[in-house]
Amino acid sequence: MERKIDINNELLNKINNDLRKTLSERRYKHSLGVMEKAEELARIYNIDINKAKLVGLAHDIGKELSDEQMLEYVKENNIEIDNVERENVGLLHAKIGAYICKSKYNFSIDMQDAIKFHTVGNENMDLFAKIIYVADKIEEGRIYKDEEKMKELQTVRELANHDIDEALLYEIDSSIKYTIQKQKLIHPNSILIRNKLLKERRTLR
Ligand SMILES: [Fe+2]
Ligand SMILES: [Fe+2]
């Protein structure tokens, strides 16, 4: 699929050029995929399309730093690191990405938060952050060899078109399941957002 950046959007263009230089081809394509999916969802849920595209494109800007570089980056910039991140340093790409986008592109707080929350979720996610989280997981470029995983992906893609909370809950549940399978640490923020979504669902029913 041919993906084009709107060349009249100066900041989007700048981020695109930066990413093309720094990310691997695979990750760069993923970033374009998330930008497109975020735009699509922003239209459905009536949120700022430009913001969705910018954050979708930039969300993994910190992802290809090594563990050592990430630890150095958080230390240098006084970014707080929690116990789970200390064990699973890769998770830090979310906080680091938000920090880079604040300092380099002047992203607003909600844009920074959407990047911060895109790996393990967070109880304070707003609609915008939910859209970015889900867009990251269902962008068109995502393909799994595992049939079961592909089926789950299809389910979230469909859910996302009409109920972002259900799509998010489904996605958080599968990532918790996956984390258990891998015997990795579950981030408490994933549990907190899951509980919140479940409680909200019950009050709606
Ligand atoms: Fe990421
Ligand atoms: Fe991503």
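We count ligands from 1, going down the list as the structure has it; atoms in each ligand are counted the same way. The figures here come from the full heavy-atom set of this structure, side chains too, leaving out hydrogens, waters and symmetry mates.
Here the protein contributes His30 NE2, His59 NE2, Asp60 OD2, Asp136 OD1 as N, O or S atoms under 2.8 Å from the Fe ion (ligand 2).
The pair Arg43-Glu39 meets the salt-bridge criterion, with a side-chain N (NZ, NE, NH1 or NH2) lying under 4.0 Å from an Asp/Glu carboxylate O. Between Lys29 and Glu25 there is a salt bridge, with a side-chain nitrogen of the basic residue lying less than 4.0 Å from a carboxylate oxygen of the acidic one.
Looking at Asn16 and Leu12, their side chains never come closer than 4.5 Å, going by heavy atoms from C-beta outward.
The two atoms that bring His59 and Asp136 nearest to each other are NE2-OD1, 3.1 Å, heavy atoms only.
Atom NZ of residue Lys196 and atom CG of residue Asn122 lie 8.5 Å apart, to the nearest 0.5 angstrom.
Remark: of the listed residues Arg142, Lys137, Glu139, Arg142 is the sole one forming a side chain to side chain contact (heavy atoms under 4.5 Å, CB included) with Arg157.
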